[in-house]
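Read the structure below first, then the notes.
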Amino acid sequence: MKKKIVILPGDGIGKEVTAEGKKVLEKIAELFDHQFEFDEAQIGHDAIEASGNPLPNETLAKLKNCDAILFGAVGHPKYDNDPTLKVRPEQGLLKMRKELGLYANLRPIKLFDELLKASSIKAEILKGSDILFFRELTGDVYFGEKGRKDDGNTAFDLMIYQRYEVERIAHKAFQAARTRKKKVTSVDKANVLESSRLWRQVVTEIGKLYPDVELEHQFVDSAAMKLIQNPRSFDVVVTGNLFGDILTDEASQIAGSMGMLASASVGDTVGLYEPIHGSAHDITGKGIANPLASILSVALMLDISFGLKEESETIIKAVEQTLKAGYRTTDIADSHTDKNKILNTSNMGSLVVEKLEKVTSAQAV
C-alpha cells in the first residue's frame with residue numbers, strides 16, 4: 001500500500017511525540033511492505049512566528065493533498081498570558097478542522113491493565129473500562145459568533161448547532177455502537193440550553209433508525225459524575241464540542257494520563273490523528289513527554305484511514321508488551337516502577353519499535 005502522510009509537529013512537545021509516531025510508521029512500512037511518503041508542515045505558534053498565520057496556505061494545500069495527517073499540538077504560554085493577542089495558535093487548529101470538514105472527533109478510552117495503579121481512581125472501579133467518545137468538532141460555541149460590547153465590559157459566545165451537524169455525528173456514533181456493546185449515551189444540557197434541546201431531539205430521531213442499539217440521554221453534569229463513579233456503564237458516548245472537550249479530558253484520568261490517549265478527527269475525506277494532550281511547554285525539551293498517545297494515534301490512522309487492522313493491532317500489542325515489561329515514562333510511573341525502566345521520549349519510542357518486530361515475528365510463526 002502506498003500512502004502520503006503529512007506530519008504536523010506543531011508546538012511544544014508536539015515535535016517530540018510526533019517524531020516517535022513517525023518512527024513507528026516507518027517500521028510498520030518496513031515490516032508489512034508498505035510505502036509511506038512523508039511531508040511536514042507548520043501550524044500554530046511556529047507558523048505565526050514564521051509567517052504571521054497560524055495555518056499558512058502552504059500547509060493547508062498539503063493537508064488537502066494527502067491521505068492522512070499525524071498532528072502534535074498547538075499552543076504557547078505567550079498567548080495564555082496575553083488574552084488580547086488577536087492571532088493565536090488555536091485559530092490554526094480550528095480553521096484546519098473547518099477547512100477539512102473534520103466534524104467527528106473519536107477518542108477511545110481504553111485502559112491497559114498494567115496502568116490500573118497509574119490512575120487516581122480505584123482499580124476496582126476502572127478495570128474493564130472501554131469507552132469510545134464521539135465529540136462533534138466543527139460546531140457549538142467554538143464556532144459561533146463571539147465578541148465584546150459595552151466598551152469591552154461584556155463578552156459573548158454563541159452556542160449554536162444546526163440539524164445536519166447533529167445528524168452526521170449521531171450516525172457515526174450509532175454505526176460504531178453496532179460493532180461494540182450496542183449502547184449509545186448522548187450527553188447534553190437540554191434542561192437549560194435550546195441548542196441541547198435540538199441536539200436531544202435529533203439524536204432521538206436518528207436512534208430510531210438503529211433499533212438494535214440502546215440509546216440513553218444524560219445531562220453533562222450527571223455524565224461527568226458517572227464517568228468517575230462507574231465508567232464501565234458507558235460504551236459509545238456522543239456529545240457536542242464543548243462538553244466533549246471537557247469530558248474526554250476528564251476521562252483521561254481513567255487511562256492514568258493524557259499521555260496515553262489517542263484521537264482521530266474525521267469527516268468525509270482526510271483523517272487527522274493526534275494525542276489528546278496539549279503542547280505542555282512546562283516539559284518541552286526535557287525529553288520526558290510520553291509518546292505512547294502519538295503512537296496509538298498512528299494505530300488509529302492505520303485502522304480508520306487505511307483499513308490496515310492487522311498493522312494497527314500490531315502497534316497496540318507492542319505498546320501492551322512494553323507496559324507489561326514494566327517500562328514507563330515519568331507520567332505513568334509510580335513508586336513500584338523500576339527506576340531503570342523509566343524511559344525518556346525517544347527511548348520509549350525505540351522500545352515500541354523493537355517490540356513491533358517481535359510481535360510481527362511471533363505472528364508469522
Side-chain angles (χ1 to χ4, degrees), residues 7-19 41-56 59-60 69-99 102 105 107 120 135 137-149 151-159 220 224 240-253 255 257-263 265 272 274-291 293-294 297 329-331 345:
I7 310 287
L8 289 181
D11 305 322
I13 63 168
K15 299 180 177 66
E16 300 168 45
V17 298
T18 51
Q42 288 186 320
I43 190 173
H45 170 70
D46 275 11
I48 293 172
E49 292 291 295
S51 67
N53 186 346
L55 184 66
T59 294
L60 190 56
I69 304 158
L70 180 62
F71 173 55
V74 294
H76 193 279
K78 169 182 176 180
Y79 307 90
D80 299 334
N81 298 329
D82 187 355
T84 66
L85 292 172
K86 300 298 183 185
V87 180
R88 310 179 68 82
E90 294 78 10
Q91 292 168 346
L93 178 59
L94 295 179
K95 183 178 179 182
M96 176 173 63
R97 291 171 179 169
K98 204 73 172 179
E99 289 283 341
L102 304 176
N105 181 238
R107 293 190 178 185
S120 57
R135 169 191 170 193
L137 206 57
T138 56
D140 207 340
V141 71
Y142 293 171
F143 291 91
E145 182 184 354
K146 53 184 76 328
R148 297 276 186 104
K149 59 182 182 180
D151 296 326
N153 294 310
T154 301
F156 62 91
D157 298 271
L158 178 62
M159 180 177 281
V220 63
N241 207 343
L242 177 62
F243 298 154
D245 193 358
I246 296 167
L247 289 177
T248 51
D249 279 3
E250 179 192 7
S252 71
Q253 291 310 296
S257 169
M258 280 190 179
M260 291 300 302
L261 294 184
S263 76
S265 297
L272 180 143
E274 61 177 304
I276 78 161
H277 60 68
S279 51
H281 280 271
D282 56 325
I283 61 169
T284 298
K286 296 181 179 179
I288 61 173
N290 186 344
S294 186
S297 296
T329 45
T330 55
D331 60 308
T345 308

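The first residue in the sequence is number 1, and the count goes up from there. Below, each value reflects all heavy atoms present in this structure, side chains not excepted, and no hydrogens, waters or symmetry copies. Because the structure is a prediction, the values reported are computed rather than measured.
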D157 and Y142: side chain donor to acceptor below 3.5 Å | no

dist L94:CG -> E99:CD (nearest 0.5 Å) comes out at 12.0 Å

Is the shortest distance from a Lys or Arg side-chain nitrogen in E49 or K78 to a carboxylate oxygen in the other one below 4.0 Å?
-> yes

Does S279 use its side chain to pair, donor to acceptor, with the backbone of I13 at less than 3.5 Å?
-> no

Smallest heavy-atom separation, A41 atom then P9 atom, equals O-CD, 3.7 Å

Between the CE atom in M96 and the CD atom in Q91, the distance rounded to the nearest 0.5 Å is 13.5 Å

Nearest heavy atoms of S265 and L137, plus distance in Å | OG-CD2, 3.3 Å

Side-chain (T18) to main-chain (G14) donor-acceptor, under 3.5 angstrom | yes

May I have the step-by-step check of side-chain contact (heavy atoms from CB on, under 4.5 Å) for N290 and M260, ending in yes or no?
-> CA-CA 7 Å; N290 186 344; M260 291 300 302; 3.6 Å; yes

Correct closest heavy-atom pair for E16 and A289 would be OE1-CB, 4.2 Å

Can you check whether P77's main-chain N or O pairs, donor with acceptor, with N81's side chain at less than 3.5 Å?
-> yes

Any chance you could measure Q42, atom CD, to T59, atom OG1, to the nearest 0.5 Å?
-> 6.5 Å

When rounded to the nearest 0.5 angstrom, what distance separates NE2 in H76 from CG in D80?
-> 9.5 Å

Donor-acceptor contact below 3.5 Å, side chain S297 vs main chain A262 | no

Residues R107, D249: salt bridge by 4.0 Å N-O rule | yes

Is the backbone N or O of L55 less than 3.5 Å from a side-chain atom of N53, with the two atoms forming a donor-acceptor pair by type?
-> yes

Under the side-chain contact (heavy atoms from CB on, under 4.5 Å) criterion, do L70 and E274 qualify, and how do the steps go?
-> CA-CA 6 Å; L70 180 62; E274 61 177 304; over 6 Å; no

Please name the pair of heavy atoms, one in A73 and one in H277, separated by the smallest distance, quoted to 0.1 Å.
-> CB-O, 4.1 Å

On a heavy-atom basis, the closest approach of A293 and P275 is CB-CB, 3.5 Å

Member of I48, T284, D46 meeting the side-chain contact (heavy atoms from CB on, under 4.5 Å) criterion with D11 | D46

From D245 CG over to L242 CG, what is the distance, rounded to the nearest 0.5 angstrom?
-> 7.0 Å

Would you kindly check if the NZ (Lys) or CZ (Arg) of K146 is within the cone defined by 45 degrees around the ring axis of F156 and under 6.0 Å from the six-membered ring centre?
-> no

Of L102, L8, I43, the residue whose pairing with I69 passes side-chain contact (heavy atoms from CB on, under 4.5 Å) = L8

Would you kindly say whether D331 and T329 are connected by a side-chain donor-acceptor distance under 3.5 Å?
-> yes

Counting distance only, does the side-chain N/O of S294 pair as donor-acceptor with the main-chain N or O of V17 below 3.5 Å?
-> yes

Between T138 and K98 the two heavy atoms that sit nearest each other are O-NZ, 2.7 Å

Hey, is the main chain of R135 close enough, under 3.5 Å, to the side chain of N105 for a donor-acceptor pair?
-> no

N241 side-chain N/O to G139 backbone N/O, donor-acceptor pair under 3.5 Å = yes

Passes side-chain contact (heavy atoms from CB on, under 4.5 Å), L93 versus F71? Steps please.
-> CA-CA 10 Å; L93 178 59; F71 173 55; 3.8 Å; yes

